[in-house]
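Note: hydrogens, waters and symmetry copies are ignored here, and every other heavy atom, side chains too, is used.
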Amino acid sequence: MPVVEADLLVRDCLLIPMDGRPPVEGAWLAVREGRIIYADRPRAGLSFTVDRVMDGRGKAVVPGLVNCHTHAPMTLLRGLAEDVPLDVWLREHVWPVEAKMGPEDVYWGALLACLEMALTGTTCFCDMYFYEGSVAEAALKAGLRAVLAPGILDAPGPEVGERLFNDAVRVFERYNGAEGRIKVLLGPHAPYSCSLELLERVRDKAEELGTGIHIHLAETEWEVREVMAKHGKTPVEFLDELGMLSPRVLAAHCVYLTERDMALLARRNVKIAHCPVSNAKLGVGVANVPEMLRLGIAVGLGTDGPASNNSLDMLETAKFAALLQKASKRDPSVLTAKQALEMATIGGARALGLEGSVGSLEVGKEADFIIMDLRTASTTPLHDPYATIVYSARSGAVEAVFVRGEPVVLSGEPTRLDVREVLEKAADVAAKLTGSQ
């Protein structure tokens, strides 16, 4: 058997492939030029010439976690207002501060988010915010993969909608495909915050650009009542009538869906970003994820913004997603640890249209993966790897993170960011914005 050249080899690990195979003990993961070239137990006679070898004993190698919905720069607003209703939180606390934010503020807030996400095992995130070019620059600097949806709305006035629409197009033209790690969608905020004319314009522009749409949908009872009163249809039915529902649409939240709504989303192959922690924290409700999965809808997990969660920790989100369904359905089997991890990895990749590249550890895919140390008090003994990772492990177990085969975290430390600089600068910006400086 010929010798195989590789840039990186992780030996003797517990491989969690998430490609339909069960966990593989004593596996080797080999990477060359940013792609996986081997992911299985070593075959007799197999040998590699390798630049870097990592010892995987006692460690799990897992696909990089995929955060399907967040507002990364809102790290600057974390803890600003707590334990208040969503409308009060937005109108009295969040929006007044956001009105003061400029591109540089967004950049430092996003860079802080990227630091947190990298350290907790997220390799890819989907973001919706304004000044999204600044978020792109932060993701590129941090070494993460990002799907960016510049926010668009015209509820404050048509001139705002025009400016945000044009900004979104510019971000697409400048950053879509950047360094093979950035994908840009259009991000109409929600059916209630965008006029009919703006939604139609976004629909047509997305088609022209050949890109997708990311939108908040059916998040609250208030939203459903508002759209019903205005259009005589549920938000899902309203978007379907506009021809906006398609396989290239990622809908965030989807807490309040009728049976017809879910059937429509399944028929149109719309993807869903489920945000269990923020939905619970803001008292919004519990999405019917088991039914979505039963209908074959691709469901990924999202943290939502760090001001409404207040964490960007996807392992925490995966655990909470499983527990919330068990509690609300009063059925411990309704959403398993394996299903929760699937939503945080390959399910998230499907939701973002990236399943051909990432989300599982398969030969030919890009090498986005994390290495977790399972030799801890909370992860011993190891009976069920899925349960151990979702229910027992914490993000502190993440000791290495790779994106396209390049390390962004090694030995629990970021390789591309100066932690002290990011923390100090973000704290200064937040203090300035909130008037506490």
Side-chain angles (χ1 to χ4, degrees), residues 69 71-74 77 86-106 109 126-136 147-176 184-220 222-246 248-253 270 305 433:
H69 180 68
H71 311 286
M74 293 183 78
L77 284 68
L86 176 59
D87 59 336
V88 174
W89 181 74
L90 286 171
R91 297 179 189 281
E92 297 183 15
H93 302 282
V94 172
W95 289 343
V97 175
E98 287 184 328
K100 305 175 186 177
M101 294 171 68
E104 186 175 2
D105 304 320
V106 167
C126 179
D127 191 67
M128 179 192 285
Y129 214 61
F130 48 91
Y131 300 123
E132 202 71 353
S134 296
V135 181
V147 176
L148 306 177
I152 306 169
L153 74 163
D154 60 355
E159 69 287 348
V160 174
E162 182 70 18
R163 173 173 58 82
L164 294 176
F165 179 89
N166 291 333
D167 285 348
V169 174
R170 281 193 289 269
V171 171
F172 179 90
E173 292 170 346
R174 168 67 179 83
Y175 290 102
N176 190 53
V184 180
L185 313 177
L186 300 186
H189 176 262
Y192 63 85
S193 56
C194 297
S195 66
L196 174 63
E197 294 74 20
L198 183 59
L199 289 171
E200 291 176 329
R201 191 177 177 193
V202 169
R203 175 200 64 199
D204 294 344
K205 193 65 178 181
E207 182 67 25
E208 176 189 329
L209 296 174
T211 192
I213 290 172
H214 185 29
I215 187 169
H216 296 93
L217 184 62
E219 181 178 4
T220 65
W222 173 88
E223 175 190 335
V224 175
R225 289 196 301 268
E226 183 82 0
V227 175
M228 285 288 293
K230 189 171 183 179
H231 301 287
K233 298 175 179 64
T234 68
V236 172
E237 292 170 336
F238 171 58
L239 292 185
D240 188 57
E241 185 179 71
L242 290 181
M244 285 193 71
L245 299 185
S246 78
R248 293 194 295 190
V249 170
L250 173 65
H253 301 295
V270 171
L433 292 170

Nearest 0.5 Å please: distance from the OH atom of Y192 over to the CD atom of E219.
6.0 Å
Rounded to the nearest 0.5 Å, what separates atom CD1 in I152 from atom CZ in F130?
14.0 Å
Take R170 and D167 through the salt bridge (Lys or Arg N to Asp or Glu O under 4.0 Å) test and state the conclusion after the steps.
CA-CA 5 Å; R170 281 193 289 269; D167 285 348; 2.3 Å; yes
Side chains of M101 and L77, heavy atoms from C-beta outward: is any pair under 4.5 Å?
yes
Can you tell me if H214 uses its side chain to pair, donor with acceptor, with the backbone of L250 under 3.5 Å?
yes
Rounded to the nearest 0.5 Å, how far apart are CG of L198 and CG of L153?
8.0 Å
So NZ of K205 and CD1 of I213: to nearest 0.5 Å the spacing works out to 13.0 Å
Nearest atoms (heavy-atom pairs only) where D154 meets G161
CB-CA, 3.7 Å
Determine whether a donor-acceptor pair (N or O, by modelled atom type, separation under 3.5 Å) exists between the side chain of D240 and the backbone of V236.
no
Does some side-chain heavy atom of H93 sit less than 4.5 Å from a side-chain heavy atom of V97?
no
Hey, which of D127, V147, V249, V171 is the one that makes side chain to side chain contact (heavy atoms under 4.5 Å, CB included) with L185?
V147
Do any N or O atoms from the side chain of R248 and from the backbone of G210 form a donor-acceptor pair under 3.5 angstrom?
yes
Taking NZ in K100 as the centre, count heavy atoms belonging to other residues, nucleotides or ligands within less than 6.0 Å. Is the count above 12?
yes
Short question: side chain of T211, backbone of V184 - any donor-acceptor pair under 3.5 Å?
yes
Apply side-chain contact (heavy atoms from CB on, under 4.5 Å) to residues M228 and T234 and explain how you reach the verdict.
CA-CA 5 Å; M228 285 288 293; T234 68; 4.0 Å; yes
Nearest atoms (heavy-atom pairs only) where M244 meets P188
CE-CG, 4.5 Å
Please check: side-chain N/O of E237 versus main-chain N/O of K233, any donor-acceptor pairing under 3.5 Å?
no
Nearest heavy-atom neighbours spanning A190 and I215
CA-CG1, 3.8 Å
Keeping the roles fixed (side chain from H216, backbone from H189), state whether a donor-acceptor pair exists under 3.5 Å.
yes
Note: V106 and Y129 closest approach over all heavy atoms is CG2-CE2, 4.2 Å
From L433 atom CG to D105 atom CG, the distance as rounded to the nearest 0.5 Å
4.5 Å
What's the shortest heavy-atom distance between P73 and V135, and which atoms?
CG-CG2, 3.8 Å
Minimum heavy-atom distance P191-P235, with the two atoms named:
CG-CB, 4.2 Å
Between atom CZ of R203 and atom CD of E200, what is the distance when rounded to the nearest 0.5 Å?
5.0 Å
